[in-house]
Number of protein chains: 2
Amino acid sequence: MHTNAAPNVTAAALAPPKQGAARSLVEAAHEAICHEILTGGLAPGEKLRFEMLRKRFGFGASTLREALTRLVGEALVTSEEQKGFRVAPVSLEDLADLTRTRKFIELEALRESILNGDDAWEGRLVSAFHRLSKVEAKLSSGPELQQDEFEHRNNEFHYALISACPSRWLHHLHGILYQQSERYRRISLVNRVVPRDVHAEHKAMFEAALTRNVELACQVAGEHIERTLAVMGKVLSAGMSPGG
Amino acid sequence: MHTNAAPNVTAAALAPPKQGAARSLVEAAHEAICHEILTGGLAPGEKLRFEMLRKRFGFGASTLREALTRLVGEALVTSEEQKGFRVAPVSLEDLADLTRTRKFIELEALRESILNGDDAWEGRLVSAFHRLSKVEAKLSSGPELQQDEFEHRNNEFHYALISACPSRWLHHLHGILYQQSERYRRISLVNRVVPRDVHAEHKAMFEAALTRNVELACQVAGEHIERTLAVMGKVLSAGMSPGG
DNA sequence: GTCAACGATAATTTCGAGATTTTTATATAT
DNA sequence: ATATATAAAAATCTCGAAATTATCGTTGAC
């Protein structure tokens with residue numbers, strides 16, 4: 001019965017155990033919905049009805065339910081008892097608070113990372129910076145296609161910076177905040193604007209970290225975060241004024 | 001069919017919409033399992049089989065699954081694809097990292113709370129301190145019975161201290177860390193030891209906050225957290241040495 | 001005697017349907 | 001005309017069973 005009624009099962013099950021790919025359907029559903037929320041395919045505040053999600057993604061009710069529950073834990077989705085799920089709303093106030101808090105956490109992690117970084121950390125940092133620089137150069141020519149790839153390498157670079165921080169909990173908290181920030185960043189990028197020289201900012205962070213200049217690195221990284229807030233705030237306020 | 005097979009449904013459904021009580025079964029299951037983990041009824045590292053949970057709590061598979069997924073988000077439970085759920089393990093290393101991180105977050109929240117606190121905040125603080133003092137006095141006579149009540153009022157007092165901090169995200173992160181700490185605290189309390197004068201520490205925090213002495217409040221609160229770590233660490237290392 | 005392959009058992013994961021609650025539309029009374 | 005109560009409709013919540021996957025004991029070969 002299941003084999004015929006739900007081709008997804010066999011499709012996912014027969015797929016080779018490829019690393020990085022989703023092994024369970026819940027994970028696949030989580031990844032798919034998460035990506036849609038981050039990229040704006042599911043709008044902030046939108047109601048998430050199961051019938052709609054069923055047709056759109058092809059998963060069963062329980063599977064979708066668990067995926068949504070995961071997303072609630074990541075604060076990308078809100079739930080109200082007996083009233084279903086919604087995409088978490090966005091607001092200027094939340095963006096400001098989020099950015100402030102992320103700066104607080106990320107700078108502390110950066111400090112500890114620089115102080116604890118070994119040769120392997122330097123290697124990861126050099127590699128990540130190189131990869132990011134390559135995609136940044138390509139981005140100016142064809143910005144549409146490499147959006148996901150840029151986000152991915154940007155994530156890798158920022159993670160490499162703090163990867164030598166020994167605190168598991170600081171990493172955990174930072175991960176939550178960083179994902180939230182990524183959402184706002186992508187919202188502001190689809191309404192593409194702002195020819196900012198992010199490469200220069202990344203380069204400054206990279207060099208300060210590699211020379212173990214803690215204060216300079218924190219200052220530059222802090223300014224980087226603040227500048228991102230300023231840009232996103234401008235886009236967000238412009239995009240939200242017609243809607244309310 | 002469901003009505004006869006699962007009396008829980010009607011029992012929970014027919015219950016009046018009492019505030020504070022669980023409205024949905026998922027919430028009830030989450031609360032029940034969470035309490036069992038916090039109080040040690042489910043031991044750290046223990047495997048959480050559905051058959052066992054079914055008999056113990058009387059919920060269906062999907063309901064339990066969603067409750068466990070919630071707990072994974074709160075880091076009280078771990079999950080491995082296709083291998084089920086386990087109660088999150090505890091360790092001295094994790095306790096040290098957790099305490100350090102919680103101190104970092106909590107002191108910042110305390111600072112902002114004192115700087116932003118209004119009359120209503122002072123009122124909440126005075127009330128919470130009074131309630132905590134009353135149960136602390138009773139605790140020395142009959143320590144067994146009022147354990148849960150003490151934890152509840154202790155939570156309320158510590159929350160009242162930072163309740164005027166305006167950052168939603170700081171509160172969110174602190175909530176995660178505080179719940180984790182509560183788990184360690186209760187583990188160390190079942191192996192009851194240490195006649196520490198916690199009331200004096202609470203009183204010092206209370207007075208420093210009320211007089212708006214930020215530096216003193218942070219110093220006292222920091223020492224309070226560190227001292228709790230020292231006690232818990234001692235108990236935990238003693239309790240874990242036979243097991244490995 | 002040790003290791004690998006095989007098979008039976010147990011556990012997890014997923015689905016669709018039934019039960020309950022919320023929401024919306026309608027009709028009636030004030 | 002507004003508001004309230006009732007009823008139909010839609011959506012959520014929960015459960016038990018089916019299917020997939022992992023685990024463990026056994027047998028056979030080297």
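Chain letters run A, B, ... following the sequence lines, proteins first and then strands; every chain starts at 1. Here the structure is a predicted model, which is why all the values come from computation and not from measurement.
Using a 4.0 Å heavy-atom distance criterion, L48(B) is classed as a sugar-phosphate-only contact. Contacts of S62(A) with the nucleic acid, taken as non-hydrogen atoms under 4.0 Å apart, include base atoms. Counting any heavy atom pair closer than 4.0 Å across all strands shown, L68(A) reaches no nucleic acid atom.
Close to dT12(D), at under 4.0 Å from its OP1 or OP2, lies no side-chain N or O of R49(A). Within the structure, a side-chain polar atom (N or O) of T63(B) is placed less than 4.0 Å from OP1 or OP2 of dC15(D). Residue R23(A) places no side-chain N or O under 4.0 Å from the OP1 or OP2 atom of dT13(C).
Atoms CZ (F85(A)) and P (dT22(C)) sit 15 Å apart, rounded to a whole Å. Residue L64(A) contributes atom CG, which lies 13 Å from atom C1' of dT12(D) at whole-angstrom precision. Rounded to a whole Å, the CZ atom of R86(A) is 10 Å from the P atom of dT12(D). Note: CZ (F50(A)) to C1' (dC15(C)) measures 14 Å, nearest angstrom. Separating the CZ atom of R65(B) from the C1' atom of dC15(C) is a distance of 12 Å, rounded to the nearest angstrom. Between H30(B) atom NE2 and dT14(D) atom C1' the separation is 18 Å, expressed in whole Å. Rounded to whole Å, the distance from CD on E27(A) to P on dT13(C) is 11 Å. Atom CD of E66(B) and atom P of dC15(D) are 11 Å apart (whole Å).
By the 30° and 60° cut-offs, the orientation of the rings of H172(A) relative to W169(A) is perpendicular.
If you find the closest nucleotide of DNA chain C to E80(B) and to K83(A), the one lying nearer the 5' end belongs to E80(B).
Considering all non-hydrogen atoms of both residues, V135(B) and E149(B) come closest at CG2-CG, 4.2 Å.
The side chain of Q82(B) lies closest to dT21(D), out of dG16(D), dT21(D), dC13(D). Out of dT14(D), dC13(D), dT12(C), the shortest distance to the side chain of K47(B) is found at dT12(C). Comparing dA17(D), dC15(C), dT21(D) against the side chain of L25(A) picks out dC15(C) as the nearest.
For the pair D97(A) (side chain) and R168(B) (backbone), a donor-acceptor distance under 3.5 Å is present.
Ring centers of Y178(B) and Y159(B): at least 6.0 Å apart, outside the cut-off.
Heavy-atom neighbours of R100(A) CZ from other residues, nucleotides or ligands within 6.0 Å: at or below the threshold of 12.
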